[in-house]
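Report on the structure given below.
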Amino acid sequence: MSETIKIINDGKSEFNITQGSRTLDLINRLTKLDSEEKETLLYESESILKNCINPAENIGSTTGIAIGYVQSGKTMSFTTLTALAIDNGFRIIIYFAGIKVNLLEQTTNRLKKDLLTDSDNSRFYKVYQSPTIKDNVHLKIKGALLLNHKPAILITVLKHYKHIAELTKIFDTYEVKEALGNNGVLIIDDEADQASLNTYARKNSKSEDWEEDEFSSTYSSILNLRAALPNHSYIQYTATPQGPLLINIMDLLSPKFHKVLTPGKSYTGGKTFFEDNTDLIISIPEREVYHHKNNQLPECPQSLINALQIFICGVAITVNIQGKENFLSMLIHADSLKDVSRQFYDWVKMLKDSWEDILQLPNGDPSKSELIEQFKENYFEAVRRIDNPPSFNVVIEEVLQVILDTNIELVIAGSREIDWSNATAHILVGADMLNRGYTVEGLMVSYMPRYSIGKSNADTIQQRCRFFGYKRNFLDSCRVFLPNESIMEYREYVEHEEIFRANLKEHSLEEYEQLLILSGNVNPTRNNILSVDLIKHKLSGWRQLNALQHIDENNIFIENFIANNTFTNFEDFGTPDRRHRYIKIDINVAIEFLKNFKIANMPDALRKSSTIQYLRFLADKNEVNHIYIFQMAYSVEEGRKRSLDTDGGKLKISNIFSGRALSGTDKYPGDKGIKFEDSICIQIHRIRLIHPSMQWANKLIHTFGIYYPEDFAHSFVGVNK
């Protein structure tokens, strides 16, 4: 790495943004958006640009992140950001456009189409895809920078170290350096959590020698490019920000500001499918879930046959009969192996050809009658949610027409670009080429018998959701076929995503504790980009906090809280240290209570923060409106005595909970039995410390025990900063 990049944007280097001719030209052509959606798009794009380095007045760099939903219009966001950046002094915008050539071409073509670079606006834009020194692009860029009418230079590049290194050579040439000077460059990293991050991060974090860090090749090439640009802003776009937000805060790709993007009104995402319309999800029987080792299917599974017939009926209705769409698509994603994709492709092609032949047989033919009966069974599923659907007799008349006009594509490396307008129906079969970043136009039916062993990564789970997108117009015809395990993973992820986005909307990244709430069955992202400081913990049952900092402040806070509230006595177990009382409080009051109690050790601070996030989530969903706070041993004013021990070099209260006594006359369930099951419970413990040192001996503190009933258990992942 040639030099270290200095991050100079501290949130105070905002500059005034103007909406110029390029921005207005773009916005006025977005006829599918209403005025409110256009206003939101502009506002969020301006919010991002305001945090960038002024392209004319400053030298330095900054990193930001824009967080959208999968298939929610992130491309439109960074296209609008492009137009705004050009209107406000940026001359060069670089796009890292995915790790596959089809994604690079998709992004380049989309930019050209949206900005009209090949027609009306050709004078204002110069577009270069994967430029090289060999092609003298450095001389072309120099010439463009010197033109009086100042065209913008848009550079799309594959997210691969060789291509990025070639781009760095261009910016290191005398010609480009001289012509560019210190003018600002905007870098947009699409799907920023993929390939960009340092895959040696975990290995490095275990080493004490920080001078000899290893860097993965793509990550290193990005740093080298940034080092070659004296004034630049690096904006990460992603729907799965777990990786970028959990990487070490000192990492040069760790964002310093963020914007949560708002999807358009017709967007259908995780909440649409896994909360509001769960009947659109169809379970694939376990015996039909493909796995190349455990379950190699000997023949085409019945669930795939059903999915194909539902799709064909849906196209017949939505396209041919109702005319609501010009074409629709189906996606089949079975396994990462190409041979498996070919097998599923062969099955689909065989079925299509067979159905085409059979439906052209004379009426009354036994084979034709049997096939029509099969279609009739799946017709009822296809129209289940459609108001006043056409009759089966009308639909079956169009089924052959749909089959005759169906395009089947095996989407693997080297496959052709799809001409969406050239067929009524498209069926795409593939795996990794159909993952993140790839847009399947008009996707109505998804069949994904992808089998996984062990914990899945949250960001990988979400990036397979090609079936999210703008499909409100034909949502009632959409169907998603998934294994039961995948359905559970998606439901858990959607809950995590909503908590995550809500927390990011409320806080700056400086305030945000780099914390995620996840199912215990899911990892946040791949481990190799994360340092060993990652903390994973499940919050269920009882958890003890060790509030050994800010003691005086916490004591005053708790004493005032107790004095200002009226408590109800719990069951009397006979002795002062077993007499407890409680108060039932509003969940929002409980959130403020937790926020005001200070915890400084990182594991417990993360537990506290996770609990606050989770309470906010429960409050927003109106699933619970209260929690309980118990004052333990309230009449023992001197506090119950507890030992302060050293655990792993850190001080820790041995055990704040008194044990059970289930025999004799003084039966007691133990402190852990002092709880209710209908919500989270917080016990306030007044502790007198036992320790040999003068500093801690006989010190009075307050700390918490928190109970998470099974119905309210959750997991979190965070960085131990």
_Looking at Met632, is its backbone amide N or carbonyl O close enough to the side chain of Arg686 to form a donor-acceptor pair, meaning the two atoms are under 3.5 Å apart?_
no

*Any donor-acceptor pair under 3.5 Å linking the side chain of Arg543 with the backbone of Tyr707?*
no

*For residues Ser77 and Tyr237, report the shortest heavy-atom separation together with the two atoms involved.*
OG-OH, 3.0 Å

*Using only heavy-atom distances, determine whether the side chains of Thr262 and Glu44 contain a donor-acceptor pair under 3.5 Å.*
yes

*If you draw a 6.0 Å radius around CD in Glu637, do more than 12 non-hydrogen atoms from other residues or ligands fall strictly inside?*
no

*Does Arg581 make a cation-pi contact with Phe567 (under 6.0 Å, within 45 degrees of the axis)?*
yes

*Examine distances only and state if a side-chain atom of Arg688 and a backbone atom of Asn698 form a donor-acceptor pair shorter than 3.5 Å.*
yes

*Testing Arg640, Gln683, Arg660 for side chain to side chain donor-acceptor pair (under 3.5 Å) with Asp671, which one passes?*
Arg640

_Within the structure provided, determine whether Asp678 and Val624 are in side-chain contact (heavy-atom separation under 4.5 Å)._
no

_Within the 6.0 Å centroid threshold, strictly below: Phe593 and Phe557_ = yes

*Over 60° means perpendicular and under 30° means parallel, so classify the ring planes of Tyr267 and Phe468, tilted if in between.*
perpendicular

*Please examine the side chains of Leu545 and Phe597, heavy atoms only from C-beta on, and report whether any two atoms are closer than 4.5 Å.*
no

*Looking at side-chain heavy atoms only, is the closest gap between Tyr628 and Lys675 below 4.5 Å?*
no

*Would you say Thr268's side chain and Gly469's backbone share a donor-acceptor pair under 3.5 angstrom?*
yes

*Under 6.0 Å from the NZ atom of Lys265, do we count more than 12 heavy atoms belonging to anything else shown?*
yes

*asked:* With heavy-atom distances below 4.5 Å as the criterion, would you say the side chains of Ile656 and Trp542 are in contact?
replied: no

*asked:* To check you understand the geometry: which heavy-atom pair defines the closest contact between Ala66 and Leu261, and what is its length?
replied: CB-CD1, 4.1 Å

*Considering non-hydrogen atoms only, spot the tightest contact between Cys52 and Ser233 and give its length.*
CB-OG, 3.2 Å

*Can you see which heavy atom on Arg385 is nearest to which on Asp279, and at what distance?*
NH1-OD1, 2.8 Å

_Do Leu280 and Val480 have side chains that approach each other closer than 4.5 Å (heavy atoms only, starting at C-beta)?_
no

_CG on Asp552 to NZ on Lys699, rounded to 0.5 Å_ = 6.0 Å

*asked:* A side-chain contact here means heavy atoms from C-beta on lying under 4.5 Å apart; do Asn569 and Arg579 qualify?
replied: no

*Give the intermediate values and the outcome of side-chain contact (heavy atoms from CB on, under 4.5 Å) for residues Ser658 and Arg642.*
CA-CA 10 Å; Ser658 292; Arg642 296 290 185 268; 2.8 Å; yes

*Give a yes or no answer on whether the side chain of His580 reaches the backbone of Ala633 with a donor-acceptor pair at less than 3.5 Å.*
yes

*asked:* Between Asn554 and Ile701, does the side-chain contact (heavy atoms from CB on, under 4.5 Å) criterion hold? Intermediate values first, please.
replied: CA-CA 8 Å; Asn554 284 337; Ile701 72 164; over 6 Å; no

*Please find out if less than 6.0 Å separates the ring center of Phe657 from that of His685.*
yes

*asked:* Does either side chain, that of Asp645 or that of Ser643, offer a donor lying less than 3.5 Å from an acceptor on the other one?
replied: no

*Would Phe273 and Tyr490 count as a close aromatic pair, with their ring centres under 6.0 Å?*
no

*Measure the CG-CG distance between Leu475 and Asp276 for me, rounded to the nearest 0.5 Å.*
9.5 Å

*Is a side-chain donor or acceptor of Asn546 paired with a backbone partner of Leu548 at a separation under 3.5 angstrom?*
no

*Residue pair Arg491 / Thr278: nearest heavy atoms and the distance that separates them*: NH2-CB, 4.0 Å

*Could you grab the distance from atom CG of Asn655 to atom NZ of Lys672, nearest 0.5 Å is fine?*
6.0 Å

*asked:* Is there a side-chain contact between Asn565 and Ile629 in this structure, where contact means two heavy atoms from C-beta onward sitting under 4.5 Å apart?
replied: no

_Using every non-hydrogen atom in the two residues, find where Pro669 and Ile674 come nearest and quote the distance to one decimal._
CG-CD1, 4.3 Å

*At what distance, to the nearest 0.5 angstrom, does CG of Asn51 lie from NZ of Lys259?*
9.5 Å

*State the CD1-CD1 distance between Ile627 and Ile583, to the nearest 0.5 angstrom.*
10.5 Å

*Should the ring pair Phe570 and Phe630 be called parallel, tilted or perpendicular, given that the plane angle runs from 0 to 90° and is split at 30 and 60?*
perpendicular

*Would you please say whether a donor-acceptor pair under 3.5 Å links the side chains of Asn277 and Thr272?*
no

_Does any part of the side chain of Ile684, heavy atoms only, come nearer than 4.5 Å to the side chain of His702, both counted from C-beta?_
yes

*If you draw a 6.0 Å radius around CD in Glu39, do more than 12 non-hydrogen atoms from other residues or ligands fall strictly inside?*
no

*To the nearest 0.5 angstrom, please state how far the OH atom of Tyr234 sits from the CG atom of Asp189.*
3.5 Å

*Hey, mind stepping through Tyr582 and Ile682 against side-chain contact (heavy atoms from CB on, under 4.5 Å) and telling me if it holds?*
CA-CA 9 Å; Tyr582 69 93; Ile682 300 174; over 6 Å; no

